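Before we start, here is the structure in question, set down as structure tokens.
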Amino acid sequence: MAAARMLPEPVTDLPARATAEAMIRVQDVHVEYPQAGQSPKKILDGVSLDIRAGEFISIVGQTGCGKSTLLRLVLAEEMPTGGQVLVEGSPRTQPDRRCGYVPQKYSLFPDRTVLENITFGLEVTEVGFLGGFSREKRARRKQFQGEAIGYLRRMGLRESDAAKYPQQLSGGMQQRVAIAQALIMRPKILLMDEAFSALDPGTRAGMQRLIKELWRETGTTILFVTHNPREAVTLATRVIALGRTGSVEDGAIIVLDLAVPDMHDEPTIAALVQRVEQSTFPTGVEDEDVE
């Protein structure tokens, strides 16, 4: 029998939000996965969350607590066992252009150039329906290629990188291309799942600065999954921590909903990081890998 994992009661520093303000609404969501010959495996156990347009949300928690599952629910790549997820007031039923996604492992096609990777989504959604080799189709493709070059420059890459293949790029460069691939679709919501965790510290710091700058410029609503409490605090306007309040068999709930002030002096950062660590790794509780 697994030892009980006692966590603090859910804590929030945030005022109640009016329904009209919620771009993303997670309503009493439960997620369970069937297991042969056993009771279903509980992942999320009644999670409710409102996210306003333009927020930068970091999602933290121990391994297996449902961070990535929550992103997949918002993306509509996965459906909840109970409850519902709404975007702009509509239940999620299938992925659409409102949500861009950047995974931990670069979502690039190895047999396509950087330029072709960035324009792939636009080619499929905007050009694919135009038959043959029409003039309109050629014009749209040229337009998309011009936009892609603009995003390359915005990501700090050179125009000459457009003709390269992913394997010719460093890890950091590949992740910049993956972000450009998502942003060129102009999503209202950007979902990032451990997007920087495989990068070396220097590259990771550069990517953190880049995504924060892009967020300020575009006002895109960002949900950013990370295991790193400091990264969560320094990037986000709000930190959501998931955790279990009982045994490992229980599903996760929100154990912390923390507003992050604009002022980022070191004492403030350290205090916030400590709060996040205490909620996700309480004293005497060891992390258990259940994924």
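Everything numeric here is computed off the predicted structure, so don't read it as measured data.
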Quiz item: Within a radius of less than 6.0 Å around CZ of Arg97, do more than 12 heavy atoms belonging to other residues, nucleotides or ligands occur?
Solution: yes
Quiz item: Taking it one step at a time, do Thr220 and Arg186 satisfy side-chain contact (heavy atoms from CB on, under 4.5 Å)?
Solution: CA-CA 9 Å; Thr220 303; Arg186 295 184 177 84; over 6 Å; no
Quiz item: With hydrophobic residues grouped by side-chain heavy-atom distances under 4.5 Å, do Met79 and Tyr33 end up in a single group?
Solution: no
Practice problem: Check whether NZ of the Lys or CZ of the Arg Arg141 lies under 6.0 Å from the centre of the six-membered ring of Phe144 and within 45 degrees of that ring's axis. | Solution: no
Exercise. Report the C-alpha separation of Arg25 and Leu49 in whole Å, then their side-chain angles, then the decisive distance to 0.1 Å, and conclude whether the side-chain contact (heavy atoms from CB on, under 4.5 Å) test is met.
Key: CA-CA 6 Å; Arg25 168 155 284 193; Leu49 176 66; over 6 Å; no
Quiz item: Between atom CG of Leu191 and atom CD1 of Ile57, what is the distance when rounded to the nearest 0.5 Å?
Solution: 12.0 Å
Quiz item: Which pair of non-hydrogen atoms, one from Ile149 and one from Ala162, has the smallest distance, and what is that distance?
Solution: CD1-CB, 3.8 Å
Exercise. Would you mind reporting whether Glu194 and Val225 have side-chain heavy atoms less than 4.5 Å apart?
Key: yes
Quiz item: So does Asp161 pair up with Lys164, basic N to acidic O under 4.0 Å?
Solution: yes
Practice problem: Decide yes or no for Arg230 and Ile269: does some side-chain heavy atom of the first lie under 4.5 Å from some side-chain heavy atom of the second? | Solution: yes
Quiz item: Do Ile51 and Leu223 come within less than 4.5 Å of each other through their side chains, counting heavy atoms only?
Solution: yes
Quiz item: Has the side chain of Thr237 got a donor or acceptor atom that lies under 3.5 Å from a matching backbone atom of Phe56?
Solution: yes
Quiz item: Donor-acceptor pair, Arg92 side chain versus Val74 backbone, under 3.5 Å?
Solution: yes
Practice problem: Answer yes when Asp257 and Arg238 have at least one side-chain N-carboxylate O distance shorter than 4.0 Å, and no when they do not. | Solution: yes
Quiz item: Would you find a donor on one side and an acceptor on the other, under 3.5 Å apart, between the side chain of Gln145 and the backbone of Thr119?
Solution: no
Quiz item: Does the side chain of Leu44 come within less than 4.5 Å of His30's, by heavy atoms?
Solution: no
Quiz item: Do the side chain of Arg244 and the main chain of Ile253 share a donor and acceptor less than 3.5 angstrom apart?
Solution: no
Quiz item: Is there a donor-acceptor pair under 3.5 Å between the side chain of Gln168 and the backbone N or O of Tyr165?
Solution: yes
Exercise. Test Ile189 against Met23 for side-chain contact (heavy atoms from CB on, under 4.5 Å), laying out the working first.
Key: CA-CA 9 Å; Ile189 301 164; Met23 170 174 254; 3.8 Å; yes
Practice problem: Verify the cluster assignment for Leu75 and Leu86: are they in a single hydrophobic cluster under the rule of side-chain heavy atoms below 4.5 Å apart? | Solution: no
Self-check item: Side chains of Glu217 and Arg154 in contact at under 4.5 Å (non-hydrogen atoms)
Solution: yes
Quiz item: Nearest heavy-atom pair of Pro261 and Thr268: which atoms, and what distance?
Solution: CG-CG2, 4.1 Å
Quiz item: Between Arg112 and Pro166, what is the shortest heavy-atom contact and its length?
Solution: O-CD, 3.3 Å
Quiz item: Considering all heavy atoms of both residues, which atom of Pro80 and which atom of Val29 are nearest to each other, and what is their separation?
Solution: CB-CG1, 3.9 Å
Quiz item: Do Val26 and Gln84 touch side chain to side chain, with heavy atoms closer than 4.5 Å?
Solution: no
Self-check item: Any donor-acceptor N/O pair, Gln62 side chain to Thr280 backbone, under 3.5 Å
Solution: yes
Quiz item: If you round to the nearest 0.5 Å, how far is OG1 of Thr221 from CG of Leu190?
Solution: 9.5 Å
Exercise. Return yes if some donor-acceptor pair links the side-chain N/O of Lys41 with the main-chain N/O of Glu32 below 3.5 Å, else return no.
Key: no
Quiz prompt | Asp28 backbone acceptor or donor facing Ser48 side chain under 3.5 Å | solution = yes
Quiz item: Which distance, rounded to the nearest 0.5 Å, do you find between the OG1 of Thr226 and the CG of Leu235?
Solution: 8.0 Å
Quiz prompt | Beyond-backbone contact of Val47 with Gln27, side-chain heavy atoms, under 4.5 angstrom | solution = no
Exercise. Drop me the distance from Glu213's CD to Thr218's OG1, to the nearest 0.5 angstrom.
Key: 11.5 Å
Quiz item: Got Phe196 and Glu231 here, is their nearest side-chain heavy-atom distance under 4.5 Å?
Solution: yes
Quiz prompt | Backbone N/O of Ala232 and side chain of Ser58: donor-acceptor pair under 3.5 Å | solution = yes
Self-check item: Least distance between heavy atoms, Leu242 atom then Ala252 atom
Solution: CB-CB, 4.4 Å
Quiz prompt | Chi angles and distances behind the side-chain contact (heavy atoms from CB on, under 4.5 Å) call for Met192, Ile179 | solution = CA-CA 9 Å; Met192 306 185 74; Ile179 294 171; 4.0 Å; yes
Quiz item: Nearest 0.5 Å, what's the CD-CG distance between Glu55 and Asp50?
Solution: 9.5 Å
Exercise. Return the minimal non-hydrogen interatomic distance between Leu199 and Met207, and the atom names on each side.
Key: CD1-CG, 3.6 Å
Self-check item: Ala236 backbone acceptor or donor facing Trp215 side chain under 3.5 Å
Solution: no
Quiz item: Which residue pairs pass the salt bridge (charged side-chain N to carboxylate O under 4.0 Å, His left out) test when at least one of the two sits in residues 68-89, sequence neighbours left out?
Solution: Arg72-Glu78, Glu88-Arg98, Glu88-Lys188
Quiz item: At what distance, to the nearest 0.5 angstrom, does CG of Leu73 lie from CD1 of Ile43?
Solution: 11.0 Å
